[in-house]
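Every chain is numbered from 1 and lettered A, B, ... according to where its sequence line falls, protein lines coming before strand lines. No experiment lies behind these values; they were computed from the predicted model shown.
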Amino acid sequence: MSLFPEERQSELKELFFETAAELLQALNEEALSLEHRPGDAELVREVRRTVHTLKGDSAACGFEELSSLAHDLEDVLTPELARTNGRKLAEIVLAAADVFSSMLDAYRGEAPIPSAAPIREQIRQLVARPEPKNIVPYKLSGRFAWTEYEQIAIERAQNQGQNIYNIALAVDPTCPMKSAAMQLVKNVLCQLGDLLATFPDSSIPAEQIDVMEFAVASSQPQDVFTTKCRIPSIISDVLVETASFAQSVQQEPAIHVHEDPGDVLGIADPNAEASETSASGVSQSTSVKLRVDAERIDAVLNLVGELVIGKSMLMQNISEFDKRFQKDPLRTRFVDALAFQARVLNDLQKSVMKIRMVPVEQLFRRFPRIVRDVAKTCGKEVVLQLSGEETDLDKSILDTLAEPLSHLVRNSVDHGIETSEQRVAAGKTPQGRIRLNAFHQGNQIVIECSDDGAGIDRYKLVSKAVEKGIITRDEAERISDTEALHLIFHPGLSTADEVTAISGRGVGMDIVKSVIEQLKGTISIDSKPGAGTTFLLKVPLTLAIIKALMFRVSDRLYAIPLASVLEIARASASDVHRVDQHEVMQLRDQVLTLIRMGQLVNRGPLPVNKKIFVVVITVADRKFGLIVDRLVGEEELVIKALHDQLAATEFVSGASILGDGSVVLILNLPAIVARLGKAPALMEAVTA
Amino acid sequence: MEQFAALVRAKDNKPLRYLIVDDSIFARKNLAKMLESFGGEVAGEAGDGCTAITEYERLHPDLVLMDITMPQMEGIEAAERIVRQYPQARVVMVSSVGYQENIVAALQKGARHFVQKPVKADVLYEVVRYVMGDDVLTPQTVGAGGQ
C-alpha cells in the first residue's frame, strides 16, 4: 500500500528509520528487563507498546515483512503468557529485535529481506495457536427474544407512545476489537433513544459475538437508526424493524457464537484468555513457572523459622551433653550431624528467602519517569543514573520502600538540583545528575540516592531549627554536621513551608524516616554545599530472620541487629565522663556518647568499680556506645512480631525465642537512640 | 495514492480542522498526511494529553484524533476532560487491538469512535464522515475521481 507520492514517502521513511532505531533500543532494554522479571505484567505491556508502535510505523511505510512480524510478536505479548512462560518470551523478544534490526538494515540498503521464518516458528510454538476458525457467513436476521423483564420495559415504553425498534447488528468479522465495538454501538444507541434490551448480555465474551440485538425506545424515525448504526469498520450489516409486541417469550435466546466445533458456549475456546494459561503455558514451557500465593511462602518461611529455633535447641542440649560426657565418642558424631543439619537448614532458609526476593530494579524502574516528569515541571535538566538494579530484596520491603524513595528522588530533582543557569554559573554541567544505587552490605541492602545539586545549607537549617524551638541556641552552637543535617527529619521542621524554600528538603522527610525505621532500617545524609546530597537508606534484606548480638542488662536478655554493631569495647567506670549532660567516653580518637541500657529497665546506676562493656553501634551515621552488663553472644533470631498490647514501648521492635525456650527482646535502636541519646533530663533522673 | 472526496464543513464550506494527539511524531505525520488527503486541515498536534487539552481549548477543532498510550496524561483522561468541558467535542480514539479495554473506557467517557492502528486511510475517512454526520459535506466538484 503506497499512500503518498514518492518524495513524501522517502521523507517518511527517513523519519521511520530514525524512530525505529530508538524503538529497537528500547525494545532491547525492555526485553532484558523482562528476562529479569519474567512475570511482570507492566513490563510486558511496555514491550507490547514498543512492538506495537514499531508495527504501526512500519506498516505505514509499507514495510510489510517487518510489520507482520511485529504483529505476530505483539499477539503473544500478553501478561498471561509472560506469567507462564516469561523467560522464553523475553528470549523471543530479544531474538525478534535482532531480526527487526537486520530487516531495517535490509530496507535501508535495499538488500533482500532476511527471512523471519525461524522466529515466527518460535512465536508459533510459544502459543500453539489454534487453527484459524472458519467464519461462517451469517445471514442477518433478528431473533429478538427478550427476557420477561425486558418485555415489561418494552411494553411500558410502548404504552407511553414511543416508537420501539428492534435492531440487529452484524459485527464486522474483521473487526478486531469487539468489546470496544459493543461499547460504541451502545453509545450510539443511547444517543438516539432509551436502550431497553440488549442481547447478548455482558456474560458472553465480546470476542465471540457475531450479532448484537437491541430494543430501543426512541422518537427518531427508523432511517436515522439505519444510518447511525452503519458504523464504518465495525458493523457490517444492519437490520432495524419496528417492534410489534407481543412476541413469544418462550423461545430461549440462542447464543451467537462462532461455529466452533466442540465449543460449548465458548468456554473451551483456546483463544480465550482464561484458558490460555493452562493450554499453552504448562505444555509448552520447559522451565515451568508457578504463581504462588505470598501467604504460602510465608507459611514455609515461618516453619523454617521454627526449625531454626529447633536447631538452637539441639545446639544447647548438645553443648550440655558435651559438658557431661566429655569422653563419649558419640559426642563428635552429634556435632557432625548437627553441623550437617545446620548447613542444610541454612540453605533451606536461603532458598525460601530467595523466593521472596525480587531485584531492586522493580523499584528503580519507576524513577526515570518520575525524574523526567518532575524535572519537566520544574524546568530543569536532570539525568538519572541507575546502578545495582539486579540487587535482590524482599518483596514486601521493596514495596514499602517505593514511597519514601520516590519522595527522596522527587525532592532531589525539585530542590536539590539547581536550574541550568545556576549550575552553569556554579561551574557545573547544565544537566543535573541523580544517581540511584543499590548494593548488599552484610545482611542489609543499601540504597543510595545522590544528586550533584546545591547541597543542604546546614546553617540555615540549624537557624531555622532554633527559630522553631526544636533545638536551643546553645545546642545549635555545638551541633555536629551530621546532627545538623538530621534536623531535616524533624517533623516540626518538615511541615514548615518556609524551610522548604530555604533548605530545599523538608516536606514529609519525617515520614520518610519513620517508614524506613518501621522496616528496621536507617537513613543517613551526607551533603556538601555546592556539591550535592547523598541519602543512604539501609534496610535489612529480610524482615524475618536477623543476625543479632545478645546481651544482658539487669539479668534481662536483649538483642540488637548485628549489622548495626561496629565493635565492642571494655572500659572501666572511670573512663566515663560527663559533657553537657551526656555521658561520654573517649574511644581512641573519638568521643562516644554513651547510653546506659540500664535505664531501659529503670534499675538505677551500675556499680561503680566494675569494668563495663560498651557495645559501639551506628545508627544513621552516628556512633553511640551502649553500656550493657554482660554479653551473651551472636545468634540468628527468628523475629516474631509482637502485638501492640505486648509491646507497649517503641523501644522493642520484636521478640524471638531461643533454643532453651527463653524469650529475647529485639531492641529498636533508632528509637532508643532518639530517646535516651538525647534526653539528658531523663538521664539525670535515672542516674542521680 | 487513493483519492478521497474532500470533506468540508456543512456550516461554512471550509476544510475540517483536526487536532492530532499522539506521542509518536511519526504517527502524527502519518495521520496528518491522511487527513490532508481528505481535504482537511491539521489545526494542531499534541504529543501528550495535557497539551491536547490546552490545544483543544485554543483551537476548537472539529475533530480530535487521540492516541491512548501517551506520557504525562493518557488519551483516555484527556478525552474525558475535553468532553466534560466541551460536550460537543468529537474525539476519536486511535489505538491498537491490545488496548481494547482502554478504548471501551474511553468510549464510556465520551469518545465518539475509535480506529485501529495501523490506521487505514479508507477506514479513517469513513469514520470521520460517520462521526461528523450531518456537519460534513462532500462537494460534488471535489469528489471527481473519488473512489
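At a 4.5 Å heavy-atom cutoff, the contact between A:Ile231 and chain B is made by backbone and side-chain atoms alike. Of the atoms belonging to A:Thr227, it is backbone heavy atoms, and not side-chain ones, that fall under 4.5 Å from chain B. Of the atoms belonging to B:Ser24, it is side-chain heavy atoms, and not backbone ones, that fall under 4.5 Å from chain A. Of the atoms belonging to B:Ala111, it is backbone heavy atoms, and not side-chain ones, that fall under 4.5 Å from chain A. Of the two parts of B:Asp134, neither the backbone nor the side chain holds a non-hydrogen atom closer than 4.5 Å to a non-hydrogen atom of chain A.
Of the possible donor and acceptor atoms, none in the side chain of A:Lys55 sits under 3.5 Å from a partner among the backbone N and O of B:Pro118.
Annotation: cation-pi pair B:Lys120/B:Tyr125 absent, no NZ/CZ under 6.0 Å from the ring centroid and within 45° of its normal.
Of the listed residues (A:Asp57, A:Thr53, A:Thr19), the greatest number of heavy-atom pairs within a distance under 4.5 Å of chain B belongs to A:Asp57.
Contact check on B:Glu77 versus B:Lys109 returns no salt bridge, with no Lys/Arg side-chain nitrogen under 4.0 Å from an Asp/Glu carboxylate oxygen.
For the 3.5 Å distance criterion, the side chains of A:Gln191 and A:Asn187 fail to qualify, holding no donor opposite an acceptor.
Side chains of A:Cys229 and A:Leu189 form a contact here, defined as non-hydrogen atoms less than 4.5 Å apart.
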